[in-house]
Amino acid sequence: MTTSLPKVIRVAVPLPLREAFDYLPPPGMDAAAVPIGARVTVRVGRQRLVGLVCEAGVASRVDAARLRPAQACLDEVPLVDAYTLALIRFAADYYHHPIGEVVMNALPGLLREGVGVDAAGIEVWRLAPAVDASHASVTRAARQRALLDYFTTLGADRAHGPEALAGFGDGWRAPLRQLMDKGLVLRERRPCLAASPGGDAWPTLNPAQAEAVAGIWPAEATPVFAAHLLEGVTGSGKTEVYLHLIERALAAGRQALVLVPEIGLTPQLLARFRSRFAVPIAALHSGLGDAERRCAWLTAAAGEAPIVIGTRSAVFTPLPRLGLIVVDEEHDGSFKQQENLRYHARDLAIWRARAQGACVVLGSATPSLETLHHARAGRYGHHRLRRRAGMAKPPALRLLDIRHKRLDAGLSGPMLAAVGERIKAGEQVLLFLNRRGYAPVLICQGCGWLARCPRCDVPMTYHAQARRLRCHHCEYETPLPAACPECKQVDPVPLGQGTERLESILAARFPEVGILRIDRDTTRRRGALAERLEAVHSGDYPLLIGTQMLTKGHHFPSVTLVGVIDADQGLYSVDYRAHERLAQLLVQVAGRAGREEQPGEVLIQTCQPEHPLLITLLRDGYPAAAEVILGERKATGMPPYSHLALLRAEAPGESVPDDFLNAVAGALSPLAGGEVDLLGPVPAPMPRRAGRYRAQLLLRAATRAPLHRLLREGLPRIDALPEARRVRWSLDVDPVDLY
DNA sequence: AGCACGCCGACT
DNA sequence: GTCGGCGTGCTC
């Protein structure tokens with residue numbers, strides 16, 4: 001008598017477990033009949049979870065006695081296609097992350113929770129027929145009135161989804177409900193995704209653009225895997241190249257995926273796509289409601305949305321007919337997820353394109369060094385757009401030596417004079433300072449005491465308007481101390497510059513001039529950033545002050561002068577990527593200026609005017625600066641000339657992370673085989689944060705294979721260390737910063 | 001991650 | 001005498 005091994009389904013469950021679990025098929029089903037890529041509900045311990053079927057009809061790896069049947073199969077057909085499942089598997093493998101948690105990243109919330117896929121559509125609202133235009137029943141409620149005016153202006157023929165109404169601020173649902181109760185507005189359901197109007201004219205490409213398009217996707221071609229770098233200075237018309245490439249992909253019957261940075265997915269960009277292509281376009285971004293997200297995702301997965309535009313996580317969207325992936329601003333840090341599964345969407349996009357036989361285009365004015373390195377080695381096609389479309393001159397960059405100069409709130413005489421001139425000429429000025437608050441330090445002049453965060457050991461930032469000290473690394477804040485707690489001398493003084501101080505100094509200096517400050521403090525409220533960006537174009541604010549926030553994507557056509565208050569932070573930093581980031585930042589911030597007939601000027605204050613990086617960047621531009629930085633990386637053996645993985649650990653006890661990482665180093669070094677360097681453990685750049693001590697261990701190897709072999713063999717040993725349960729630890733493969 | 005089991009301090 | 005602290009181990 002033979003007992004055949006039970007055939008099971010292998011299910012990725014949303015738990016931090018390295019392996020998928022085996023289950024007997026749901027009642028009444030044959031294991032081999034359960035669709036791979038379908039969701040099932042299973043019991044794990046005593047909890048009920050939704051998991052994803054990775055394999056079906058396979059022999060179990062565990063004792064038959066331990067097997068439980070899955071409860072139910074939620075999808076008749078695979079929710080996740082084979083390509084996407086392969087991507088999920090690869091990501092779990094490459095980032096050494098539990099597969100169930102990778103699945104969590106790949107699925108929209110509702111589907112993750114087991115909601116059905118029957119496309120119920122999304123809510124839309126329209127004006128009821130024959131509504132009295134005087135709105136007699138809405139007299140005093142301003143928000144209802146604003147909504148009703150909007151509905152009336154656009155007429156009863158048009159229905160409006162949550163996306164359109166979100167422009168009315170956070171609480172638009174309450175006044176809308178009032179309007180529905182009064183019978184003025186009707187609710188209905190719209191099937192998932194309607195086609196965009198399209199219809200806009202297609203401008204003729206300039207020669208460089210045409211050459212790039214032809215080089216990346218020749219007319220009438222069917223796609224095969226290829227990666228391309230599209231290096232185009234700000235304003236050179238990269239988006240137009242993308243649009244033409246997408247047109248070719250659609251003509252070949254393929255889908256296009258466009259990945260953009262978090263702040264890059266603006267209504268303007270979407271409008272541009274929608275006015276070009278008369279097809280359904282699925283937009284996946286953080287502002288979507290759960291139902292909308294599920295809807296857009298399902299439409300894409302069904303192959304019914306030929307174009308999908310989204311941020312980082314959109315790289316996981318199933319696209320059965322994928323032919324083209326565009327990664328716009330590929331150097332942008334938001335493509336790297338910095339928690340849980342620490343994946344890089346650009347890198348996964350390239351893997352995915354290869355696996356699915358698609359073409360991938362990485363676009364940037366300031367490509368990452370990794371991408372440049374691949375392009376130089378001939379692994380990626382390299383296409384350049386050197387000229388700004390329709391504009392004569394790129395902005396002129398100039399260094400201002402501020403050594404031994406009298407500074408007024410960090411502003412040198414020449415900077416102030418230049419600002420004054422531009423304002424007098426009726427032009428707009430943007431001052432960039434990557435530090436919010438009034439001053440980064442508050443110090444006692446009597447004894448040198450300075451206010452530190454008790455949980456992070458770093459100086460607290462003084463916020464003048466709030467009259468409080470805030471830690472920028474945790475939630476801690478206190479009222480402004482009237483006197484030094486050590487020596488009792490009154491009025492500790494602010495030291496250094498923040499955007500708030502810059503604003504107050506400039507307000508005193510240019511009392512008649514409108515100043516607009518854009519940083520996290522002035523844009524905390526939902527919609528406030530959009531309002532302020534709108535205000536930039538109103539002409540009421542000749543002076544703009546901003547942090548990092550302002551350097552990305554937004555176009556300020558009437559800005560003719562950009563002032564960089566402090567370029568030196570990026571020169572002194574210990575992080576190996578600081579120079580790359582500084583070069584990208586300076587070029588990107590310069591790109592905000594002089595987009596029209598007026599040529600722009602960029603003034604950069606520095607104490608290191610002879611620094612080779614700055615000299616090269618100003619004289620020869622970003623590509624030359626990138627060469628310099630690549631040389632530094634080669635000399636120090638850092639990426640792209642090596643491969644890194646970073647183990648981070650934190651715990652409330654001071655020596656606990658270090659003890660853990662020492663144990664890790666002990667467990668890993670016999671496996672390292674001379675091919676992987678174990679650097680550390682060392683304290684993290686911020687050794688204490690939010691009351692927890694932090695340390696890290698860096699793994700470095702010349703090639704990927706031994707590094708990943710070490711991780712594959714070593715992680716189970718780390719899991720087994722007794723020290724491991726006393727710390728919170730995480731692994732970051734290809735870390736982009738060592739914080 | 002949950003959730004149980006398990007062995008040591010302050011409470012009805 | 002119990003309630004509950006969180007260390008340890010398991011979940012197909």
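First the proteins, then the strands, lettered A, B, ... as listed; each starts at 1. Side chains are part of it too, since the values below use all heavy atoms of this structure and drop only hydrogens, waters and symmetry mates.
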Enquirer: Is the phosphate of C:dT11 approached by A:Arg66 (side-chain N or O, under 4.0 Å from OP1 or OP2)?
Expert: yes
Enquirer: List in numerical order all residues of residues 7-31 of chain A for which some heavy atom is under 4.0 Å away from an atom belonging to DNA chain B.
Expert: A:Leu15, A:Pro16
Enquirer: Can you confirm whether the side chains of A:Asp575 and A:Ser573 place a donor and an acceptor under 3.5 Å from each other?
Expert: no
Enquirer: Rounded off to whole Å, could you give me the CZ-to-P distance for the A:Arg43 and C:dC10 pair?
Expert: 20 Å
Enquirer: After noting the C-alpha distance and the side-chain angles of A:His643 and A:His708, does the key distance pass the ring pair (Phe, Tyr, Trp, His ring centres under 6.0 Å) rule?
Expert: CA-CA 10 Å; A:His643 301 278; A:His708 283 261; 8.4 Å; no
Enquirer: Please tell me if A:Arg68 has a side-chain N or O lying less than 4.0 Å from either OP1 or OP2 of C:dC12.
Expert: yes
Enquirer: With no hydrogens and no angle check, is any side-chain donor or acceptor of A:Thr311 less than 3.5 Å from a backbone partner on A:Pro261?
Expert: no
Enquirer: Tell me which residues in residues 108-115 of chain A lie within less than 4.0 Å of DNA chain C, going by non-hydrogen atoms.
Expert: none
Enquirer: Collect all protein-nucleotide pairs involving nucleotides 4-8 of chain C in which both atoms are nitrogen or oxygen and the distance is under 3.5 Å.
Expert:
none

Enquirer: Could you tell me how far apart A:Arg48 (CZ) and C:dC12 (C1') are, to the nearest whole angstrom?
Expert: 16 Å
Enquirer: Starting at atom CG of A:Asp719, determine the distance to atom P of C:dG9, rounded to an integer number of angstrom.
Expert: 13 Å
Enquirer: Side chains of A:Thr371 and A:Glu330: donor-acceptor distance under 3.5 Å anywhere?
Expert: yes
Enquirer: Among A:Leu699, A:Ile718, A:Val676, A:Leu647, find the one that has a side chain to side chain contact (heavy atoms under 4.5 Å, CB included) with A:Leu711.
Expert: A:Leu699
Enquirer: Checking salt bridge (Lys or Arg N to Asp or Glu O under 4.0 Å) between A:Glu650 and each of A:Arg688, A:Arg692, A:Arg689, which is the one that passes?
Expert: A:Arg692
Enquirer: Determine whether A:Arg18 and A:Asp93 satisfy the following criterion, salt bridge (charged side-chain N to carboxylate O under 4.0 Å, His left out), listing intermediate values before the conclusion.
Expert: CA-CA 10 Å; A:Arg18 303 213 170 270; A:Asp93 199 47; over 6 Å; no
Enquirer: So, the side chain of A:Thr41 versus the backbone of A:Ala72: is there a donor-acceptor pair under 3.5 Å, distance only?
Expert: yes
Enquirer: For the pair A:Asp22 (side chain) and A:Arg61 (backbone), establish whether a donor and an acceptor sit closer than 3.5 Å, ignoring hydrogens and angles.
Expert: yes
Enquirer: A:Asp63 has an atom CG; how far is it from atom C1' of C:dT11, in whole Å?
Expert: 15 Å
Enquirer: Taking only N and O in the side chain of A:Arg46, is any of them less than 4.0 Å away from OP1 or OP2 of B:dG2?
Expert: no
Enquirer: Parallel, tilted or perpendicular, judged at 30° and 60°: which one describes the rings of A:Tyr343 and A:Phe316?
Expert: perpendicular
Enquirer: Check the distance between B:dG2's C1' and A:Leu49's CG and give it to me in whole angstrom.
Expert: 9 Å
Enquirer: Say whether A:Arg89 and A:Tyr94, considering side chains only, have a donor N or O and an acceptor N or O under 3.5 Å apart.
Expert: no
